[in-house]
2 protein chains.
Amino acid sequence: MRANSEIDPICGPGGTRAREVLDLVSDKWSLYVVAALGQGPLRFSQARRVVVGISQRMLTVTLRRLVRDGLISRTVTPTVPPQVTYALTETGHSLRLAVQPLIEWAFTTADDIAVARAAYDAQAEGQA
Amino acid sequence: MRANSEIDPICGPGGTRAREVLDLVSDKWSLYVVAALGQGPLRFSQARRVVVGISQRMLTVTLRRLVRDGLISRTVTPTVPPQVTYALTETGHSLRLAVQPLIEWAFTTADDIAVARAAYDAQAEGQA
DNA sequence: CTGTATCCGCTGCGATACTG
DNA sequence: CAGTATCGCAGCGGATACAG
């Protein structure tokens with residue numbers, strides 16, 4: 001049963017923080033960076049190549065945010081030239097695991113969604 | 001633009017479409033709407049109450065996009081006043097299942113992340 | 001190599017008002 | 001009740017230039 005006063009479990013009491021965390025996922029690049037690091041530690045320039053399409057700025061911003069949230073670690077090797085390595089923390093790894101089903105879903109469902117979109121657009125076109 | 005087919009599983013060959021699908025998830029509200037509908041069909045005004053904080057405009061936009069992608073169905077009952085009911089399709093339900101681990105992760109990890117953030121900010125403050 | 005800083009266009013989104 | 005239309009601002013994010 002669902003009363004009018006019932007609230008979304010995601011947004012419910014105690015769920016505010018969870019919501020903030022989910023907002024982290026809603027960042028377009030966060031998931032990609034985490035997925036990229038899931039294969040092993042990466043240096044800045046490597047990550048830039050692996051996460052295709054990301055700008056330097058967004059990589060910096062995304063990495064810092066993930067470090068701040070304790071999802072990835074940042075290790076500086078004081079050599080010349082300097083070398084910075086990013087790696088998933090344990091928490092970050094748990095995120096990767098939690099996200100894995102979603103990734104797979106995206107792959108297996110991509111076709112269906114493309115079809116649905118085409119059908120919808122075609123119909124919309126017809127009655128426009 | 002993206003001629004580079006790299007190691008990244010998300011962006012790899014054939015992954016372009018999956019990426020578009022994942023972008024769907026990166027919409028802040030989509031997940032919440034799907035989660036809300038996961039408990040059963042909702043009418044427009046109900047959804048608006050359940051998904052706390054969403055504006056009418058964003059609810060409309062989000063719903064339509066989800067309908068377009070075949071994740072939810074839109075059923076109009078021609079009564080007065082008119083009545084529109086939204087429900088998860090089978091595909092939409094599969095998304096909900098795929099997202100479930102992520103939701104749970106968000107809940108269980110929210111505290112850790114809050115702590116990590118506080119620590120990071122405190123340290124940043126110190127060396128500012 | 002690994003960033004930081006600035007400018008700035010584009011769009012996401014809320015607020016508001018109106019329709020069927 | 002269930003939307004659509006329009007305006008306006010804030011912030012994302014790309015391009016570029018500079019620094020350690």
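Values below: all heavy atoms of this structure, side chains included; hydrogens, waters and symmetry mates excluded.
Minimum atom distance to the side chain of A:V84 is reached by C:dG3, of the listed D:dG3, C:dC1, C:dG3.
Rounding to whole angstrom units, CZ of residue A:F44 and P of C:dC1 are separated by 11 Å. In this structure, CD of B:Q46 is placed 16 Å from C1' of D:dG3, rounded to the nearest angstrom. To the nearest angstrom, P of C:dT2 lies 11 Å from CG of A:L42. The nearest whole Å value for the distance from the CG atom in A:L59 to the C1' atom in C:dT2 is 10 Å. D:dG3 atom C1' lies 15 Å from atom CD of B:Q83, rounded to whole Å.
Partners of B:W105 under the ring pair (Phe, Tyr, Trp, His ring centres under 6.0 Å) rule, at least two apart in sequence or in another chain, do not exist in this structure. Applying the side-chain hydrogen bond (donor to acceptor under 3.5 Å, both in side chains) rule to B:T89 yields no partners; only residues at least two apart in sequence or on another chain are considered. Legend: residues meeting salt bridge (Lys or Arg N to Asp or Glu O under 4.0 Å) with A:R48, ordered by chain and number and at least two apart, are absent. Looking at residues two or more places apart in sequence or on another chain, you find a salt bridge (Lys or Arg N to Asp or Glu O under 4.0 Å) between A:D27 and A:R65.
B:T85 contributes atom OG1, which lies 7.5 Å from atom CD of B:Q46 (distance to the nearest 0.5 angstrom).
Closest approach of A:Y32 and A:V51 over heavy atoms only: CB-CG1, 4.0 Å. Nearest approach of B:A98 to A:P101, heavy atoms of both residues: O-CB, 3.6 Å.
For the OP1/OP2 pair of D:dG3 and a distance below 4.0 Å, the side-chain nitrogens and oxygens of B:R64 include no atom meeting the criterion. At the phosphate of C:dG3, neither OP1 nor OP2 sits under 4.0 Å from any side-chain N or O atom of A:R48. Contact check, B:Y86 against D:dC1: no side-chain N or O comes under 4.0 Å of OP1 or OP2.
Overall, the helix from C:dC1-D:dG20 to C:dG20-D:dC1 carries an axis bend of 50° between its ends, with five pairs at each end and the value rounded to 10°.
Nucleic acid contact class of A:S45 (heavy atoms, under 4.0 Å, all strands): sugar-phosphate only.
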ask   = Step by step, would you call B:T75 with B:V84 a side-chain contact (heavy atoms from CB on, under 4.5 Å)?
value = CA-CA 6 Å; B:T75 308; B:V84 181; over 6 Å; no
task = For each nucleotide in nucleotides 6-20 of chain C, reading 5' to 3', give B when a protein heavy atom comes within less than 4.0 Å of its base, S when such contact involves only the sugar-phosphate, and - otherwise.
result = B------BBB----B
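A:T77 places no side-chain N or O within 3.5 Å of a backbone atom of A:T79 that could act as its donor or acceptor partner.
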